[in-house]
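Note that the structure is predicted; figures quoted are calculated from it, not measured. Quick note on labels: first sequence line is chain A, next is B, and so on, each numbered from 1.
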There are 2 protein chains.
Amino acid sequence: MFLAESCAHKQQSGVCPDCPVRARAICSALAPAELEQFASIMQTVTLAEGEALFNEGETGDYLYNLTSGAVKIYKLLPDGRRQMTGFLFPGDFIGFAVSDTYVYSAETLSEVTVCRFPRTKLERMLESYPHLHRRLFTLASRELATAQDQMLLLGRKSAKEKVASFLLSLRERAIQRGEDGNPLYVPMSRSDIADYLGLTTETVSRTVTQLKTSGAIRLLEGHRFQIKDVGELQLLAEGA
Amino acid sequence: MFLAESCAHKQQSGVCPDCPVRARAICSALAPAELEQFASIMQTVTLAEGEALFNEGETGDYLYNLTSGAVKIYKLLPDGRRQMTGFLFPGDFIGFAVSDTYVYSAETLSEVTVCRFPRTKLERMLESYPHLHRRLFTLASRELATAQDQMLLLGRKSAKEKVASFLLSLRERAIQRGEDGNPLYVPMSRSDIADYLGLTTETVSRTVTQLKTSGAIRLLEGHRFQIKDVGELQLLAEGA
DNA sequence: CAAAGGTTTTGATGCAGATCATGGTTTGCC
DNA sequence: GGCAAACCATGATCTGCATCAAAACCTTTG
């Protein structure tokens, strides 16, 4: 059991354009014949901007792997207050359910394509490939670490620090996906960002204007941010 | 491969008093002979209140399983602001490192005993028991779900909602460990609670007083809270 | 291209919780 | 017993961000 010949991967996450199962996390650990097995239970689905993949509380029938576009996941309070818990990009998994229902809602930020796996079938199949759980564990641990960073941000950072940290972490992830991250594509609205950072749209807007005025960033056409001074942002992100 | 005869578990987490390896998450999936293997690389360590298990940034040489007492884990900003990312109780694992260094600090809240596993040895051994990764994945997924709840709390709840939610979740976990959860043992200081909830000690103190005055709770001797009205707290926790 | 509806920006005002300050209580230590 | 060091509670004041309001801008559609 080692890397499939058909597809020499350097990363454990991301999108693999060649394999029938597009997720590096899975396909880099399987032989071509095994891959076919997984591909056989999977469907490729395309969704328009603003569509829901699923809502919190629904039975978690499917697990998704995002292959293009971006997705937001969030939780709601009964009175409608919303907290984004993450933004997902190509290569990310969506909808691993601890219980039998989804614990958050997921909605597209752009047109997206996903690989959709029926949960029970997938879990049954995973039984036969126990080493894949190691990959999944690694992915979950990594997500947990970023969740902890986000707690630090939400609990202890100022508005300016939050926005600076947000832009830097988006950039970081873009770079990890192999993009150059500058200009940075920011597909989410002010209100999405606000709900991610525990702020209001007004405060996000004001803070972005401040960063623009101070010369750290510049807004370009089509949801793109040019980061003019990374060092400046890094200072702002941790309090300067 | 099924449950070890020596030890019939109902839960996937918690402390197993009978097994050499005290963690249910591990021992419930292993045969007695396999258990011995794990026990052979493990040390049982006792720590006094206020001692550090490790600090953020240090090389992650050990993984711990808590068998008695309580532990706090937290992250710091350069200027000393602190965010608690979790409180850990018997049965919980501490120190799974994504990178080769710890991504948070861990410190005891009381006298604790832990099982200490050298990380590289443990990882080498886990290679031979791939099905254990499934357990670990489940544990990590569960932690991720509580991290998301905590993000909702930090980003979108008021001080009163935060404190009420905190008490309820402590109670919940005490019950899951088999305690009755009322009166509730709260081993952490006001300042620890504040740093967990993204508040100041003063605000925590005032809010607790409010809950006391409104009759929802009562303070007892020895860090114990009597919860007089669970329903009231549940209403407060989500905004009422 | 005008009307309509959404999103972003900007300004004025308000307030929840931070900050600052003080005293009380408990704990440990010489 | 006395003194320092934590911890907790509570009052007075301040402030960063929320809220409220409205204008500017952008997108869609008839």
Side-chain angles (χ1 to χ4, degrees), chain A residues 48-50 72 77 79-83 107 109-111 153-166 186-214 217-225 236 239-240, chain B residues 48-51 72 77 79-83 107-111 153-166 186-214 217-225 236 239-240:
Chain A
E49 181 181 333
K72 60 186 176 191
L77 285 172
D79 63 3
R81 280 174 287 174
R82 186 177 68 158
Q83 178 66 44
E107 199 178 309
L109 281 168
S110 61
E111 185 176 295
L153 177 147
L154 289 168
R156 289 297 177 224
K157 290 191 183 178
S158 71
K160 207 166 192 175
E161 291 164 352
K162 285 176 175 182
V163 173
S165 303
F166 169 67
V186 182
M188 54 293 278
S189 71
R190 294 288 179 271
S191 142
D192 289 337
I193 298 173
D195 285 345
Y196 184 61
L197 300 177
L199 299 170
T200 58
T201 53
E202 293 93 328
T203 299
V204 171
S205 181
R206 278 185 242 275
T207 309
V208 167
T209 308
Q210 277 180 53
L211 292 178
K212 225 166 40 182
T213 310
S214 78
I217 63 171
R218 211 149 61 96
L219 297 202
L220 309 179
E221 288 296 287
H223 294 273
R224 292 185 176 274
F225 282 52
L236 286 176
Chain B
E49 180 181 333
E51 278 192 86
K72 60 187 176 190
L77 285 171
D79 63 3
R81 278 173 289 172
R82 187 177 66 160
Q83 178 65 43
E107 199 178 310
T108 61
L109 281 169
S110 62
E111 186 176 294
L153 177 146
L154 289 168
R156 289 296 178 225
K157 289 190 181 177
S158 71
K160 208 167 193 172
E161 291 164 351
K162 284 176 176 182
V163 173
S165 304
F166 169 66
V186 182
M188 53 295 277
S189 70
R190 295 288 180 274
S191 142
D192 289 337
I193 298 173
D195 286 345
Y196 184 61
L197 300 178
L199 299 170
T200 59
T201 53
E202 293 93 330
T203 300
V204 171
S205 183
R206 280 184 243 273
T207 309
V208 168
T209 308
Q210 277 181 54
L211 293 178
K212 225 165 42 181
T213 310
S214 80
I217 63 171
R218 210 150 62 94
L219 296 204
L220 309 178
E221 287 296 287
H223 294 273
R224 290 186 176 274
F225 283 51
L236 287 176

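- Put simply, the side chain of E49(B) does not reach to within 4.5 Å of the side chain of P187(B), judged on heavy atoms.
- An end-to-end axis angle of 40° holds for the helix from dC1(C)-dG30(D) to dC30(C)-dG1(D), taken from five base pairs per end and rounded to 10°.
- Among the heavy atoms of the strands lying under 4.0 Å from S158(B) are primed sugar atoms or P, OP1, OP2 only; no base atom is included.
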*Check the pair M188(A) / K72(A) against side chain to side chain contact (heavy atoms under 4.5 Å, CB included), numbers first and verdict last.*
CA-CA 8 Å; M188(A) 54 293 278; K72(A) 60 186 176 191; over 6 Å; no

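- Distance NZ (K160(B)) to P (dC15(C)): 17 Å, rounded to an integer number of Å.
- Checking dC8(D), dT10(C), dG17(C) against the side-chain heavy atoms of A159(B) singles out dG17(C) as nearest.
- One can place CZ of R81(B) at 13 Å from C1' of dG16(D), the figure rounded to the nearest angstrom.
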Pull out every protein N or O sitting under 3.5 Å from an N or O of nucleotides 24-28 of chain C, one pair per line with the distance.
none

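- Distance alone, capped at 3.5 Å, places no donor-acceptor pair between the R156(B) side chain and the R81(A) backbone.
- Side chain of T207(B) to main chain of T203(B): a donor-acceptor pair is present (N/O by atom type, distance under 3.5 Å, no hydrogens or angles).
- Straight-line distance from the CG atom of D195(B) to the P atom of dA18(C): 11 Å, rounded to whole Å.
- The interatomic distance linking K162(A) (NZ) with dG16(D) (P) rounds to 14 Å, in whole Å.
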Considering only nitrogen or oxygen atoms on both sides, find all protein atoms under 3.5 Å from nucleotides 18-25 of chain D and state each distance.
residue, atom, partner, partner atom, Å
dA18(D), OP1, T200(A), N, 3.4
dA18(D), OP2, T200(A), N, 3.4
dA18(D), OP2, T200(A), OG1, 3.0
dA18(D), OP2, T203(A), OG1, 2.4
dT19(D), O4, R206(A), NH2, 3.0
dC20(D), N4, E202(A), OE2, 3.2

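- Tested against L197(B) for a side-chain contact (heavy atoms from CB on, under 4.5 Å), the candidates E161(B), K162(B), Q83(B) yield a single pass: K162(B).
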*side chain to side chain contact (heavy atoms under 4.5 Å, CB included) between V208(B) and S205(B): does it pass, once the steps are laid out?*
CA-CA 5 Å; V208(B) 168; S205(B) 183; 6.0 Å; no

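- To the nearest 0.5 Å, the span separating CD on E107(A) from CG on L109(A) amounts to 8.0 Å.
- Remark: T201(B) is not in phosphate contact with dC7(D), judged by side-chain N or O atoms under 4.0 Å from OP1 or OP2.
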*Carefully, step by step, assess L219(B) and F225(B) under the rule side chain to side chain contact (heavy atoms under 4.5 Å, CB included).*
CA-CA 5 Å; L219(B) 296 204; F225(B) 283 51; 3.7 Å; yes

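- For Y196(B), the ring pair (Phe, Tyr, Trp, His ring centres under 6.0 Å) partners at least two apart in sequence or on another chain are F87(B), F166(B).
- dG16(D) atom C1' lies 15 Å from atom CG of L197(A), rounded to whole Å.
- Residues S191(A) and R82(A) approach most closely at OG-NH2, 3.5 Å, considering heavy atoms.
- Residue contacts shown for S205(B) include a base, since a base heavy atom lies under 4.0 Å away.
- E51(B) meets the side-chain contact (heavy atoms from CB on, under 4.5 Å) test with L47(B), A48(B), T108(B); sequence neighbours excluded.
- Between L211(B) atom CG and dC8(D) atom P there is a gap of 16 Å when expressed in whole angstrom units.
- Per the geometry, CG belonging to L109(A) stands 13 Å off P belonging to dT7(C), to the nearest Å.
- Scored by the side-chain contact (heavy atoms from CB on, under 4.5 Å) test, S165(B) finds L153(B), K157(B), A237(B) as partners (sequence neighbours excluded).
- As judged by a 4.0 angstrom heavy-atom cut-off over every strand, S189(A) is placed among residues touching the sugar-phosphate backbone only.
- Atom CD in Q210(B) sits roughly 13 Å away from atom P in dA9(D) (whole-Å rounding).
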